[in-house]
A.B. asks: 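Dumping the structure here so I can ask a few things about it.
In this text the structure is predicted, and so the values were computed from the model without any measurement.
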Amino acid sequence: MRVVRLLRLRAALTLLGEVPRRPASRGVPGSRRTQKGSGARWEKEKHEDGVKWRQLEHKGPYFAPPYEPLPDGVRFFYEGKPVRLSVAAEEVATFYGRMLGHEYTTKEVFRKNFFNDWRKEMAVEEREVIKSLDKCDFTEIHRYFVDKAAARKVLSREEKQKLKEEAEKLQREFGYCILDGHQEKIGNFKIEPPGLFRGRGDHPKMGMLKRRIMPEDVVINCSRDSKIPEPPAGHQWKEVRSDNTVTWLAAWTESVQNSIKYIMLNPCSKLKGETAWQKFETARRLRGFVDEIRSQYRADWKSREMKTRQRAVALYFIDKLALRAGNEKEDGEAADTVGCCSLRVEHVQLHPEADGCQHVVEFDFLGKDCIRYYNRVPVEKPVYKNLQLFMESKGPRDNLFDRLTTTSLNKHLQELMDGLTAKVFRTYNASITLQEQLRALTRAEDSIAAKILSYNRANRVVAILCNHQRATPSTFEKSMQNLQTKIQAKKEQVAEARAELRRARAEHKAQGDGKSRSVLEKKRRLLEKLQEQLAQLSVQATDKEENKQVALGTSKLNYLDPRISIAWCKRFRVPVEKIYSKTQRERFAWALAMAGEDFEF
DNA sequence: GGCACTGACTCAGAAATATCCTT
DNA sequence: CAAGGATATTTCTGAGTCAGTGC
């Protein structure tokens with residue numbers, strides 16, 4: 001009730017222009033839109049501050065299909081004896097059973113949380129029998145799901161086609177909404193099915209039961225005068241509201257972390273495209289401020305105030321190393337990970353001299369998603385001296401920047417530039433790095449394949465800067481070996497061609513006629529071609545090796561201004577499809593519409 | 001008037017699925 | 001040319017950022 005009242009109040013105030021709501025208050029950029037051919041779809045937003053839409057109509061979310069009990073032949077065993085489970089308990093048992101081969105099921109925390117939550121779903125009699133997970137045998141359940149997956153794989157072409165069409169029908173029915181008169185694609189129109197929570201790293205809640213979401217849990221957001229979505233038969237929505245200061249269509253509270261989950265638009269929608277564009281424009285604006293900001297934080301390294309010094313050193317790391325802001329986390333609620341502001345003394349080591357450099361800082365900590373950040377960086381002397389000072393008389397678990405929070409840092413940044421926050425530095429440095437790398441690596445005379453390789457190299461430099469990692473693909477070793485075999489074969493071909501060329505040369509010397517001359521020429525060209533192919537292959541191998549543990553996708557999708565890539569494609573005659581897949585081109589439609597070959601970030 | 005909490009949004013790698021390529 | 005394996009793309013949902021709110 002109070003929420004509704006507050007929203008109305010806020011709406012009334014925003015109409016009067018008194019409450020500058022956040023993202024929109026920075027305004028949709030337009031001033032820099034100097035590139036040719038900006039489509040009407042990407043014209044300046046007409047809404048007043050904070051208002052995201054005038055009309056929003058949709059079908060509501062699609063719910064997970066109801067649980068299908070196991071066939072009679074699939075049994076669960078306790079202490080070696082088959083136990084027939086109630087439907088509720090059986091459903092949760094299948095969540096575990098199907099994960100049997102997974103590493104999660106070997107982790108003590110996962111097992112403990114699962115068992116604890118599972119027992120809550122059991123009937124009293126079941127709870128009396130099933131008292132230890134170690135005595136549970138899910139192997140038949142596991143096999144059942146493995147077989148089911150295998151059966152799906154070998155379906156006939158017709159059956160596969162049928163499944164595909166069903167998915168498409170679902171997409172058509174639930175996958176779109178109308179926003180301000182335009183049909184827009186929804187990102188995640190399916191409610192997350194129940195299952196076991198899969199936290200990353202050492203998450204204290206891994207294995208907990210993620211309950212099934214019912215219409216009664218779901219809040220719908222749509223315009224008052226639109227066709228209100230129908231809840232599934234016999235059910236009701238938790239609430240239907242009409243808040244046009246937010247972009248979500250439906251929301252529910254997730255049972256493990258007690259956080260809100262949303263149904264939102266697809267990245268290819270106009271709304272998402274505009275915010276992405278705005279994000280890059282903010283980062284581009286930083287270009288005009290960054291020199292001044294840098295000289296200021298350098299000056300602040302010598303500030304009399306400890307708070308200011310800490311802020312200046314932290315900002316230096318955020319700028320130089322592209323660290324994330326690092327909000328505080330409630331301990332016990334999530335894995336122990338940190339970002340810049342939440343670094344602890346134990347995460348840095350100071351080396352007066354290392355790797356032939358002076359004043360080296362060694363970082364070793366777990367960042368977002370428990371991805372390890374390890375880096376040894378030479379820093380300027382005042383930074384080093386400050387770090388020594390910050391670490392003085394502190395224990396390893398103490399905060400390195402004890403006088404700094406992300407809030408105070410961002411407040412400071414906001415004063416330096418409108419719309420500036422810590423994460424803008426990541427966007428800025430990622431994009432500017434791509435632009436510089438492309439400039440340094442691309443040769444106009446290269447083949448398309450070589451240019452794409454250069455692009456991937458540039459992309460990789462950014463991914464490494466942002467510490468975007470992936471697990472080495474399971475197929476890596478094998479595919480690397482295949483490539484090496486190919487290289488070996490090519491080397492032999494080259495050797496063979498070289499020998500033939502030598503013979504042809506001798507032949508020509510002896511004969512001196514036109515025929516032997518043309519044979520010589522042919523052999524020469526063949527050798528050249530093979531050598532080129534060999535070079536290509538070995539470059540490919542290097543590329544593969546270097547990319548083994550680097551994830552390029554995240555930076556490509558979120559940090560690199562797509563206009564840089566599009567301009568590069570145009571300038572060097574590389575088809576844009578070689579760089580962006582179909583969905584990526586849809587996501588970056590705004591950029592394709594406006595970036596010419598002379599675009600500069 | 002700082003600070004804990006929370007809502008709404010972006011960004012993250014794994015897993016699932018589709019497509020391509022080889023045999 | 002079909003099978004099946006490798007690779008590319010898409011989906012999924014967890015994990016961050018950051019400002020507003022209320023005490």
A.B. asks: Can you check whether any acceptor in the base of B:dC11 is under 3.5 Å from a donor in the side chain of A:Lys368, or vice versa?
C.D. replies: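 For A:Lys368, whose side chain was compared with the base of B:dC11, there is a donor-acceptor pair (under 3.5 Å).
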A.B. asks: How far apart are the closest heavy atoms of A:Leu196 and A:Phe110, and which atoms are they?
C.D. replies: CD1-CZ, 3.9 Å
A.B. asks: Can you tell which of C:dA15, B:dA12, B:dA14 lies closest to the side chain of A:Arg470?
C.D. replies: B:dA14
A.B. asks: Test A:Phe114 against every option in A:Phe95, A:Phe197, A:Tyr96 by the ring-ring contact (aromatic ring centres under 6.0 Å, His included) rule and name the one that passes.
C.D. replies: A:Tyr96
A.B. asks: Contact class for A:Gly367 (heavy atom, under 4.0 Å): base, sugar-phosphate, or nothing?
C.D. replies: sugar-phosphate
A.B. asks: Calculate the interatomic distance between A:Tyr262 atom OH and C:dA15 atom C1'; express it in whole Å.
C.D. replies: 14 Å
A.B. asks: Which comes earlier along DNA chain B counting from the 5' end, the contact point of A:Ala251 or that of A:His468, where each point is its nearest nucleotide?
C.D. replies: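 Closest to the 5' end, via its nearest nucleotide, is A:Ala251.
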A.B. asks: Return no unless some side-chain N or O of A:Lys423 is found under 4.0 Å from OP1 or OP2 of B:dC11.
C.D. replies: yes
A.B. asks: Students often get this wrong, so: under 4.0 angstrom with heavy atoms, is A:Thr337 touching a base, only sugar-phosphate, or nothing?
C.D. replies: sugar-phosphate
A.B. asks: Measuring from the side chain of A:Gln257 (C-beta onward, heavy atoms only), which nucleotide among C:dT7, B:dG13, C:dG14 has the closest atom?
C.D. replies: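 Comparing C:dT7, B:dG13, C:dG14 against the side chain of A:Gln257, the answer is C:dG14.
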A.B. asks: Can you measure A:Lys556 atom NZ to B:dT10 atom P for me and round it to whole angstrom units?
C.D. replies: 21 Å
A.B. asks: Which is true for A:Gln469 with a 4.0 Å heavy-atom rule: it touches a base, it touches only sugar-phosphate, or it touches nothing?
C.D. replies: sugar-phosphate
A.B. asks: Base, sugar-phosphate, or nothing: which does A:Arg200 touch, judged by heavy atoms less than 4.0 Å apart?
C.D. replies: base
A.B. asks: Of the options B:dG13, B:dA12, B:dC9, whose atoms approach the side-chain atoms of A:Ala551 most closely?
C.D. replies: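 The answer is B:dG13.
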A.B. asks: Return whichever of A:Cys370 or A:Thr407 has its heavy-atom-nearest nucleotide of DNA chain C closer to the 5' end.
C.D. replies: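 By nearest-heavy-atom nucleotide position, the 5'-most residue is A:Cys370.
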A.B. asks: Should A:Thr406 be listed as having a side-chain N or O under 4.0 Å from OP1 or OP2 of C:dC18?
C.D. replies: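 No, no such contact exists.
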A.B. asks: Over all strands shown, is A:Lys544 touching base, sugar-phosphate only, or nothing at heavy-atom distances under 4.0 angstrom?
C.D. replies: sugar-phosphate
A.B. asks: Measure centre to centre between the rings of A:Phe363 and A:Phe317, then say whether the value is under 6.0 Å.
C.D. replies: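 Yes, the ring centres sit under 6.0 Å apart.
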A.B. asks: NA contact type, A:Pro267, heavy-atom cut-off 4.0 Å: base, sugar-phosphate, or nothing?
C.D. replies: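 Touches nothing.
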A.B. asks: Remember a base hit wins even if backbone is also touched, and classify A:Thr247 as base, sugar-phosphate or nothing at under 4.0 Å, heavy atoms.
C.D. replies: sugar-phosphate
A.B. asks: Can you identify which nucleotide, out of B:dA15, B:dT19, C:dT10, has its nearest atom closest to the A:Lys164 side chain?
C.D. replies: B:dT19
A.B. asks: Tell me which nucleotide among B:dG13, B:dG7, B:dA15 gets nearest to the side chain of A:Ile371.
C.D. replies: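 Nearest to the side-chain atoms of A:Ile371, counting from C-beta on, is B:dG13.
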A.B. asks: For A:Asn258 and for A:Arg324, find the nucleotide of DNA chain B with the closest heavy atom, then tell me which residue's nucleotide is more 5'.
C.D. replies: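 Here A:Asn258 is the residue nearer the 5' end.
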A.B. asks: Give the rounded distance in Å between these two atoms: CG of A:Asn410 and C1' of C:dG20.
C.D. replies: 14 Å
A.B. asks: Ignoring the backbone of A:Lys279, work out which of B:dC9, C:dT13, B:dT10 is nearest its side chain.
C.D. replies: B:dT10
A.B. asks: Categorize A:Leu557 for me: base, sugar-phosphate, or nothing, with a 4.0 angstrom heavy-atom threshold over every strand shown.
C.D. replies: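 If one applies the 4.0 Å heavy-atom cut-off, A:Leu557 turns out to touch nothing in the nucleic acid.
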A.B. asks: Hey, which sits more toward the 5' end of DNA chain C by its nearest nucleotide, A:Glu192 or A:Ala422?
C.D. replies: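 Taking each residue's closest nucleotide, the earlier one in sequence belongs to A:Glu192.
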A.B. asks: Any side-chain N or O of A:His102 under 4.0 Å from OP1/OP2 of B:dA14?
C.D. replies: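 For A:His102, the contact criterion (side-chain N or O under 4.0 Å from OP1 or OP2 of B:dA14) is not met.
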A.B. asks: Going by atom types alone, do A:Asn429 and A:Asp319 pair a side-chain donor with an acceptor below 3.5 Å?
C.D. replies: yes
A.B. asks: Among C:dA19, B:dG13, B:dA8, which nucleotide sits nearest the side chain of A:Thr554?
C.D. replies: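 The answer is B:dG13, which lies nearest to the side chain.
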A.B. asks: When the distance from CD1 of A:Ile260 to P of C:dA15 is rounded to whole Å, what number comes out?
C.D. replies: 17 Å
A.B. asks: Whether A:Thr275 contacts B:dT10 is assessed here as follows: a side-chain N or O lying under 4.0 Å from the phosphate OP1 or OP2. Is that the case?
C.D. replies: yes
A.B. asks: Indicate, with yes or no, if the rings of A:Tyr559 and A:His468 have centres closer together than 6.0 Å.
C.D. replies: yes
A.B. asks: The side chain of A:Lys261 is closest to which nucleotide in this list: C:dG16, C:dC12, C:dG14?
C.D. replies: C:dG14
A.B. asks: Could A:Glu281 and A:Arg563 be called an ion pair, given the rule that one side-chain N must be under 4.0 Å from one carboxylate O?
C.D. replies: yes
A.B. asks: Identify whether any heavy atom of A:Lys272 sits under 4.0 Å from a base atom; if not, whether one sits that close to sugar-phosphate; answer base, sugar-phosphate or nothing.
C.D. replies: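 Sugar-phosphate, no base atom in range.
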A.B. asks: Could you check how far CG of A:Asp369 sits from C1' of B:dT10, rounded to whole Å?
C.D. replies: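 Spelled out: CG on A:Asp369 to C1' on B:dT10 is 13 Å.
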A.B. asks: Expressed as a whole number of angstroms, how long is the span from A:Lys478:NZ to C:dG4:C1'?
C.D. replies: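 After rounding, the reported distance stands at 11 Å.
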A.B. asks: Restricting to non-hydrogen atoms, name the atom on A:Phe189 and the atom on A:Leu170 that form the minimum distance, rounded to 0.1 Å.
C.D. replies: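 That would be CE1-O, 4.1 Å.
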A.B. asks: In whole angstrom, what separates A:Asn327's CG from C:dG14's C1'?
C.D. replies: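 Value for this atom pair: 16 Å.
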A.B. asks: Looking at every strand, decide which applies to A:Ala276 at a 4.0 Å heavy-atom threshold: base, sugar-phosphate, or nothing.
C.D. replies: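 No contact.
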A.B. asks: Should A:Arg426 be listed as having a side-chain N or O under 4.0 Å from OP1 or OP2 of B:dA12?
C.D. replies: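 For A:Arg426, the contact criterion (side-chain N or O under 4.0 Å from OP1 or OP2 of B:dA12) is met.
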A.B. asks: Could you tell me whether the side chains of A:Lys329 and A:Ser342 share a donor-acceptor contact shorter than 3.5 Å?
C.D. replies: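 Not at all, the side chains of A:Lys329 and A:Ser342 share no donor-acceptor pair under 3.5 Å.
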A.B. asks: Take atom CD of A:Glu328 as the centre, draw a 6.0 Å sphere, and report whether it contains more than 12 heavy atoms from other residues, nucleotides or ligands.
C.D. replies: no
A.B. asks: Scan A:Glu328 against the nucleic acid and name what it touches under 4.0 Å (heavy atoms): base, sugar-phosphate only, or nothing.
C.D. replies: nothing
A.B. asks: Out of B:dC9, C:dA6, B:dA12, which nucleotide sits closest to the side chain of A:Met264?
C.D. replies: B:dC9
A.B. asks: Categorize A:Ala334 for me: base, sugar-phosphate, or nothing, with a 4.0 angstrom heavy-atom threshold over every strand shown.
C.D. replies: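 Contact class for A:Ala334: none.
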A.B. asks: With a 4.0 Å cut-off on heavy atoms, is A:Gly339 in touch with a base, just the backbone sugar-phosphate, or nothing at all?
C.D. replies: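 The answer is nothing, as A:Gly339 stays clear of every strand by at least 4.0 Å.
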A.B. asks: Please give, in whole Å, the distance from C:dC18 C1' to A:Leu420 CG?
C.D. replies: 13 Å
A.B. asks: Under 4.0 angstrom, heavy atoms only, what part of the nucleic acid is A:Lys210 near: base, sugar-phosphate, or nothing?
C.D. replies: sugar-phosphate
